[in-house]
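Data first, discussion second: the structure below is written as structure tokens.
Values in this document were obtained by computation on a predicted structure and should not be read as measured data. The figures here come from the full heavy-atom set of this structure, side chains too, leaving out hydrogens, waters and symmetry mates.
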Amino acid sequence: MKKTIIITGGAGFIGSHVVREFVLKYPGYHIVNLDALTYAGNLANLKDIENLTNYTFVKVDITDAEKVLSTFREYQPDGVIHLAAESHVDRSIADPLAFVMTNVIGTVNLLNAAKIIWEGNFEGKRFHHVSTDEVYGTLGETGLFTEETSYDPHSPYSASKASSDHFVRAYHDTYDFPVVLTNCSNNYGPNHFPEKLIPLCIHNILNNRPLPIYGDGKFTRDWLFVIDHAKAIDLVFHDGKLGESYNVGGFNEWQNIDLVNELCKQVDEKLKRPQGTAAKLITFVKDRPGHDFRYAIDASKINKELGYQPSVTFEEGLSKTIDWYLSNQDWLDQVASGEYQNYYQKQYQG
Ligand code: NAD
Ligand code: TYD
């Protein structure tokens, strides 16, 4: 069946993988990538599919309610997959309001536009809100986040994402609006902007710069390969129960210091140089304020109800990721020029 789906944030890290997955897998869908192209958005991420006839890019800022509505009127989407967001915790500490504008107001603008054009007839319609495990706050040494865990965000980023999740659920409960949500753990993979831990370390190793580890490095994250997140979104968008949330993760916890050591080991191997070369760059730096100690996802609901399973092991995923960065150093150099240099200076040397 011919369908039009608006994917927001499709020029970003995860969004570009979701756009590619949908454009290639569903030739009968018209995929409209709606993105403002902020510092994190990059159309070069989609070079390989940009000329396909079932793909369209539109430059729209989701904080602009009128423009969002006119775009929805023009394309008449049957579905929305919403990934556009300000996504970096450290930037949210420096500028919380930008996160409220895009993540909260922007989400409500999208909900309103879809509600207006669907005119109360939600048959065959779906709004998929892509969220994060960070809304649940932090875990101690044990335990996992389930879909029933209470929200307890600590950073301006996670507070803004939690707020957007609440609005999405409120539209379901108030207007019977057809929503599904996913809350995913930390992603890694190709096209990841080098402000985040893994690409930042790869970029710094390649430039012989220090690898900044916050605090004692014992903070723990649960890592999922980005293409496996895209596959989970595909499943939930099509088969998830309306009004429900699904946690997405790979049962793959790493302390930051162990992860960076593993990364250093693999990069040295791939560059055929003595082990320990990259690890010498590891530098412990001042901790992030309000730093959540541990995130870990219980992904059993999506597994039991929708048969979801990640397709790659962490070793394979990390190896593919490093290979991608080693063969795409132009991409890395391009995104790490300009604005990134000011950000880096303020964040790490300021
Ligand atoms: P990203 O920062 O790489 O990309 C965000 C994209 O949104 C960019 O293309 C940017 O141009 C666009 N955007 C930002 N503000 C916009 C605005 N006002 N209007 C229109 N477009 C705008 O982010 P990401 O890491 O790909 O994350 C995508 C989504 O997934 C986010 O909602 C994030 O909260 C969620 N998420 C991310 C992770 C992760 O590990 N990165 C994990 C779980 C959930
Ligand atoms: P990040 O990639 O920013 O993702 P998030 O904060 O959303 O989990 O950070 C992952 C972990 O790595 C987190 O515990 C913070 C830590 N970290 C560092 O130790 N150094 C860094 O330079 C960065 C960016 C993150």
Side-chain angles (χ1 to χ4, degrees), residues 3-10 14-15 18 32-36 58 60-87 99-136 147-153 156-184 232-248 301-302 305-306:
K3 276 191 177 195
T4 296
I5 298 168
I6 289 187
I7 299 183
T8 74
I14 303 170
V18 176
V32 179
N33 172 10
L34 183 161
D35 197 296
V58 284
V60 175
D61 186 330
I62 61 169
T63 64
D64 182 343
E66 274 178 36
K67 183 79 177 144
V68 168
L69 181 57
S70 63
T71 308
F72 273 54
R73 284 199 202 286
E74 181 178 351
Y75 289 98
Q76 294 291 325
D78 303 286
V80 178
I81 303 178
H82 173 35
L83 295 107
E86 288 291 340
S87 69
F99 286 68
V100 176
M101 295 308 293
T102 288
N103 299 359
V104 186
I105 311 279
T107 299
V108 177
N109 285 339
L110 292 164
L111 289 165
N112 280 341
K115 184 167 160 285
I116 290 168
I117 64 150
W118 291 341
E119 296 176 333
N121 178 6
F122 300 141
E123 188 64 36
K125 307 289 194 277
R126 239 158 211 247
F127 188 104
H128 181 149
H129 179 60
V130 177
S131 192
T132 163
D133 60 357
E134 303 194 23
V135 297
Y136 298 123
E147 287 79 1
E148 273 70 51
T149 303
S150 302
Y151 277 28
D152 183 22
Y157 164 65
S158 54
S160 67
K161 290 297 290 187
S163 171
S164 66
D165 292 14
H166 289 318
F167 271 102
V168 171
R169 290 202 183 90
Y171 271 58
H172 174 262
D173 297 347
T174 308
Y175 310 112
D176 226 4
F177 192 73
V179 307
V180 284
L181 296 91
T182 41
N183 292 83
C184 189
I233 290 172
D234 178 15
L235 264 185
V236 173
F237 177 72
H238 288 100
D239 300 327
K241 283 198 204 115
L242 289 182
E244 300 227 353
S245 303
Y246 295 82
N247 282 354
V248 186
K301 175 176 172 180
I302 188 170
E305 291 189 13
L306 303 177

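- Judged purely by atom type and a 3.5 angstrom limit, N103 has no side-chain atom pairing as donor or acceptor with the backbone of S160.
- Taken to the nearest 0.5 Å, the NZ atom of K301 stands 4.0 Å off from the CD atom of E244.
- Residue Y151 holds its OH atom at 10.5 Å from OG of S163, rounded to the nearest 0.5 Å.
- Taking CD1 from I5 and CZ from F237, the interatomic distance works out to 4.0 Å, rounded to the nearest 0.5 Å.
- Residues Y171 and N112 bring a donor and an acceptor atom of their side chains to less than 3.5 Å of each other.
- Remark: side-chain polar atoms of T63 are not paired, donor with acceptor, to backbone N or O of M101 under 3.5 angstrom.
- The CH2 atom of W118 lies 8.0 Å from the CG atom of D78; values are rounded to the nearest 0.5 Å.
- Every side-chain contact (heavy atoms from CB on, under 4.5 Å) that T71 has, sequence neighbours left out, goes to L34, V58, V60, K67, Y75.
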Inset, instruction - Could you give me the CA-CA distance, side-chain angles and deciding distance for Y136 and N183, then say whether side chain to side chain contact (heavy atoms under 4.5 Å, CB included) is met? - result: CA-CA 9 Å; Y136 298 123; N183 292 83; 4.1 Å; yes

Inset, instruction - Output, in order, the C-alpha distance, side-chain angles, deciding distance and verdict of side chain to side chain contact (heavy atoms under 4.5 Å, CB included) for H82 and F127. - result: CA-CA 8 Å; H82 173 35; F127 188 104; 4.1 Å; yes

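- If you take NE2 on H172 and CG on L242, they are separated by 6.0 Å, rounding to the nearest 0.5 Å.
- For the atom pair CD1 (I81) and CD1 (I6), the distance works out to 11.0 Å, reported to the nearest 0.5 Å.
- P156 pairs by the side-chain contact (heavy atoms from CB on, under 4.5 Å) definition with S92, I93, P96, not counting sequence neighbours.
- Screening D165, T182, T107 for a side-chain hydrogen bond (donor to acceptor under 3.5 Å, both in side chains) with S131, the sole residue that qualifies is D165.
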Inset, instruction - Output, in order, the C-alpha distance, side-chain angles, deciding distance and verdict of side chain to side chain contact (heavy atoms under 4.5 Å, CB included) for D133 and N247. - result: CA-CA 7 Å; D133 60 357; N247 282 354; over 6 Å; no

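- Remark: the S150 side chain and the D152 side chain contain no N/O donor-acceptor pair separated by less than 3.5 Å.
- Proximity of a side-chain donor or acceptor of Y175 to a complementary backbone N or O of G120 within less than 3.5 Å is not detected.
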Legend entry - Full working for side chain to side chain contact (heavy atoms under 4.5 Å, CB included) between L83 and I233: CA-CA 11 Å; L83 295 107; I233 290 172; 4.2 Å; yes

